[in-house]
Amino acid sequence: MYNPQKIERKWQKFWQAKKIYKSRGKGKKFYVLDMFPYPSGEGLHVGHPRGYIATDVVARFKMRRGFDVLHPMGWDAFGLPAENYALANKIHPKIAVNRNIKRFKEQMNKIGFTYDWDKEINTTDPEYYKWTQWIFLKMFERGLVYGSREPIIWCPSCKTGLALEDLEDGKCERCGSEVEKKPLRQWVLKMTAYAEKLLNDLKSLDWPQPIIDQQRNWIGKSEGATIKFVVRPDVKSGSRPKRRDSSKSVVGEAEVFTTRLDTIFGCTYLVVAPEHSLIENLKSNIKNYDAVQKYVNQAEKKTDLARTDLVKDKTGIELKGIKAVNPFNNEEVPIFVADYVLGSYGTGAVMAVPAHDERDWEFAKKYKLPIRMVICPNYPEPKCPALDKAYIDDGHVVDSQKFTGLTSQKARQEMVKWLEKNKLGGKKINYKMRDWVFARQRYWGEPFPLVFCENCKNEINQLKANSYKLKAKFTKGELLNPGWIQIPEKNLPVKLPEVKRYEPSGTGESPLANIKDWIITKCPKCNGHAHRETNTMPQWAGSNWYYIAYLMKKGRKYEWDKKEIKKWMPVDLYVGGVEHATRHLLYARFWYKFLYDIKAVFNKEPFQKLMNQGLILAEDGRKMSKRWKNVINPDDIVKNFGADTLRLYEMFMGPFVQSIAWSTDGLRGMKRFLDRVYKLKSKIKNQKSKLQLKNKKLEIFINQTIKKVTEDIESFKFNTAVSALMVLANELEKEPDINKGHYLTLVSLLSPFAPHFSEELWRELGGKNSIHLEKWPDYNSKLIHFDKFDLVVQINGKVRDKISVGKGISQKEAEEVVLNSDKIKQAIGLSKIKKIIFVPDRLINIVI
RNA sequence: GCCCGGGUGGUGGAAUGGUAUACACGAAGGACUUAAAAUCCUUUGGUCGCAAGGCUAUGUGGGUUCGACUCCCACCCCGGGCACCA
């Protein structure tokens, strides 16, 4: 029996001492990366290492195939989880984080990963976040950062603003609280400027299709047109003299966005969002302003999500006293305000075509508005069918003046041309994705490298006319955000000050706002009085670029090393959970694209190939959680069964992408397998040549196994790779004695999965070097196939017999053999043979 | 509603047009043992049969094919994502 406790520690120490994982600077580069964890107080459970084991298997495999492998690990230690943990346990986040990191590292080391700890990074290290701040400054400098007072999503429990991406089911993703809308001063990153690139370059990525789909969906591109509707006082209501077409009677304008310009002649009313400026501007024209205002106030309290969240019954109220004019036919249509129209998307106003839009249909039915059909499914039939619900597909345009008869697609093109010619609107592309709210009112994050200077603000405001002088003195970002001045690069990092009380204030100000002597500072531009920004960056800031940080690590410091970046980027294989599809993976791509534009990196995408690992559920089928008391700690598994057993089991338990429940019985089976392989050693008889000749079949089998394991690791089919090794072990067990070479091949193929076990056996059997530095076994393609095979004989597609014949047998020969077999003769009986299908080296099917 | 992914023994799963159920777990029986654990051997989709062997089975119903878990159509169920985005 082999004893993991005796050998694992020994080899881990040896590998670390010999630094066998270090990049050797030889061979083709292979950068394999895990999504780095945030070091929570709970430590790792057995679900976490699944991805780490997979990358470790791949890293060891690639090393042995001659690649120069980089496989680093670090800590995403800023942000709400770490801070909330620290608050709950009354410990300063820094102390808690360091303690947790120590624990995580110990747990990881017990599993025998290949991490090069010299490259370990920590997002909360000032040397690290110096560069997070640096990237932010570069974005600011180029005008990609703007301040906003827009109401943002606010979590009353975490006491901070959140990005749209931080919500789950409309609730705070961290604590599950209902969120509110709150006007707060915010920093926002212009991510929408990269929408098109983020969408387009998805094509170049070797990522799981569902993740690509999710990102595409999230970016939500739609192509359409804007149309300007002028607004006039309503004639019938008597608010103006009955003189039509007087341009003086125009009191406002509403621009709408539509993807269905072809339906414009079916527009019977307009709907604006409660935030729309028209309402405030035309206060005096709107007859029922009080009622409208009441509706608007009530709607504005809700977040976009609450407003768009499965509300079946749409509400709205007409703006009485004004009408909008459809520029295509000069028809006056009523204007409504309704909360289902969002101020933050498109133009905040829509044209309603109830005949061809489900929402408009529903709304028109409720408020008894006219429904006019202008798209016909069965053109050129003289009559369109009557509608009992909205017809939303394309068709032919009817009752649309000169556009009548065109297909929907053609009509959209012609109508856009008409709009552009008459300067009444034009082509427009919209994205669902919003700019990124990039500020948190919390302590435990990267401080912004910005100060506010009243002096400089005045200067910018006064000199506005003289743009030359301003452009020389201030950056694009500083002009965009008057008064906000960048801290010079040489003064980075702006360190997070030590505080005693770091609880969030709840007032919308960060706890940093209480540290007066930190806040008050001098303006780097004019040397006048200034104060620091007290918000901090969100958790995602540090993880946007950490894969570059590993390449920059020089001892304790970091250096933007373009040579290393050029060498290692992009990441060749990135492994992590599917939950990051629209957050980390989108943010990181955004930052990387920005870095590409400023020539700090040299390719367009950070992660070439992505793989998602499935969750490991608890034995009871639920998620592992403290709450259910069903968490399994890898330390216990390592102690009782060994790291190799844990590794092997996690790779064998099922397809890598699939979520799967833990089974301690299954785990035991893996230990049994290792024990059996260990015992096989005693069967070795070292009479190489004799045995090899005697057992050609085994030789072929081994070659097949090498091929299978090699291909399966390459394609992430670890479960079948392990099973192939088991089959080989089973075969060897059947032999009375085995040859050392064969046995060592098995050990060698097992080594990425069970590195300690394999190292031990390798050395016992005379291996001079570490097995992990040995060349990966090659297979002889001539020895993959045996010269005989079992020809499957089918009658009408049903297997009736198997006959052992020589490889490469011709159809004629095969037929002869088969038709002479008694079994087959009997099966055919008196029936006539209609047809014979022959698949070379596989089967023969007789159709009767 | 829309977009993905999936449905195969008692369980995790294997097979992507050519031998369905590899491999593992569990279970049953046996060997060893004073006994138990561990280990080893045998059996293990269902069904009929003493057996040889047959029939039947990959969510359901159709289709294509000499041949379908695999391809096509419709439906049911489970998981995930997006969701009044004009």
Side-chain angles (χ1 to χ4, degrees), chain A residues 1 168 170 208-218 220-222 224 256-261 263 270-271 273 304-305 307-314 338-342 344-353 356-360 362-363 430-434 578-579 581-582 614 648-649 652-655 657-670 672-673 675-676 679 717 719-730 733 789-802 823 826 834-848:
Chain A
M1 285 268 269
E168 213 174 86
Q209 197 54 41
I211 302 287
I212 294 199
D213 290 341
Q214 267 189 63
Q215 287 215 355
R216 185 171 291 138
N217 212 330
W218 187 265
K221 180 179 182 175
S222 51
V256 303
F257 172 73
T258 179
T259 53
R260 292 299 305 273
L261 186 55
T263 65
L270 236 56
V271 190
D304 281 5
L305 251 115
R307 274 163 56 177
T308 61
D309 197 23
L310 263 185
V311 180
K312 270 265 149 61
D313 189 31
K314 296 180 188 17
D339 65 1
Y340 77 86
V341 174
L342 304 175
S344 50
Y345 181 77
T347 58
V350 301
M351 65 179 212
V353 185
H356 305 295
D357 182 284
E358 276 166 2
R359 292 153 302 171
D360 297 344
E362 202 184 306
F363 196 81
N430 265 324
Y431 301 93
K432 275 195 236 177
M433 188 178 76
R434 306 291 153 87
V578 71
E579 68 275 13
T582 51
L648 211 48
Y649 175 60
F652 178 72
M653 62 194 303
V657 293
Q658 198 168 301
S659 292
I660 230 159
W662 180 265
S663 153
T664 302
D665 282 333
L667 180 85
R668 271 191 205 107
M670 295 303 114
R672 216 171 306 175
F673 167 63
D675 285 336
R676 272 169 42 218
K679 266 195 269 176
K717 287 155 88 177
N719 53 335
T720 49
V722 174
S723 95
L725 292 169
M726 289 172 171
V727 175
L728 176 58
N730 291 347
E733 250 174 3
F789 76 103
D790 284 342
L791 179 74
V792 173
V793 186
Q794 295 183 333
I795 291 178
N796 287 349
K798 276 187 182 156
V799 180
R800 281 301 123 114
D801 201 6
K802 288 165 202 174
K823 242 186 198 167
Q826 207 178 9
K834 280 195 200 152
K835 201 175 177 183
I836 294 177
I837 285 108
F838 178 69
V839 183
D841 294 345
R842 212 153 238 209
L843 63 71
I844 186 159
N845 187 12
I846 300 162
V847 186
I848 56 173

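All values reported here derive from a predicted model rather than from experimental measurement. Order of the sequence lines sets the chain letters (A, B, ...), proteins ahead of strands, with each chain counted from 1.
Of the listed nucleotides (B:A86, B:G13, B:U56), B:G13 has the atom at the smallest distance from the side chain of A:Pro655.
Between the side chain of A:Tyr340 and the backbone N or O of A:Arg359, no donor-acceptor pair lies under 3.5 Å.
Listed by chain and residue number, A:Val792, A:Val799, A:Leu843, A:Asn845 satisfy the side chain to side chain contact (heavy atoms under 4.5 Å, CB included) test with A:Gln794 (two or more places apart in sequence, or in another chain). Applying the salt bridge (Lys or Arg N to Asp or Glu O under 4.0 Å) criterion to A:Arg260, with sequence neighbours excluded, gives A:Asp262, A:Asp394. Residues that satisfy the side chain to side chain contact (heavy atoms under 4.5 Å, CB included) test with A:Ser222, not counting sequence neighbours, are A:Phe257, A:Thr259, A:Tyr345, A:Asn430.
Here the separation of B:A38 from B:G18, taken at their C1' atoms, is 44 Å to the nearest Å. Rounded to a whole angstrom, the distance from the P atom of B:C71 to that of B:G6 is 10 Å. Annotation: B:A20 and B:G67 have their C1' atoms spaced 14 Å apart (nearest Å). Look at the P atom in both B:G59 and B:G13: the space between them is 14 Å, to the nearest Å. Comparing the C1' positions of B:U64 and B:G9 gives an interatomic distance of 29 Å, to the nearest angstrom.
By the 6.0 Å contact criterion, CD on A:Glu358 is open, its count of non-hydrogen atoms from other residues, nucleotides or ligands being 12 or less.
A syn base is found at B:G9: its glycosidic angle is within 90° of 0.
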Can you name the atoms? Protein N/O to nucleotides 1-11 of chain B N/O, anything below 3.5 Å, with the distance.
none

Show each protein N/O and nucleotides 24-28 of chain B N/O combination with a separation under 3.5 Å, one pair to a line.
unit_1	atom_1	unit_2	atom_2	d
B:A24	OP1	A:Asn730	ND2	3.4
B:C25	OP1	A:Arg672	NH1	3.4

Report, one pair per line, the protein and nucleotides 67-71 of chain B atoms (nitrogen or oxygen only) whose separation is under 3.5 Å.
none

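Figure legend: A:Lys314 and A:Phe363 shown without cation-pi pairing, the cationic atom not lying both under 6.0 angstrom from the six-membered ring centre and within 45 degrees of its axis.
Among A:Val271, A:Thr258, A:Asp360, the single residue meeting the side-chain contact (heavy atoms from CB on, under 4.5 Å) criterion with A:Met351 is A:Thr258.
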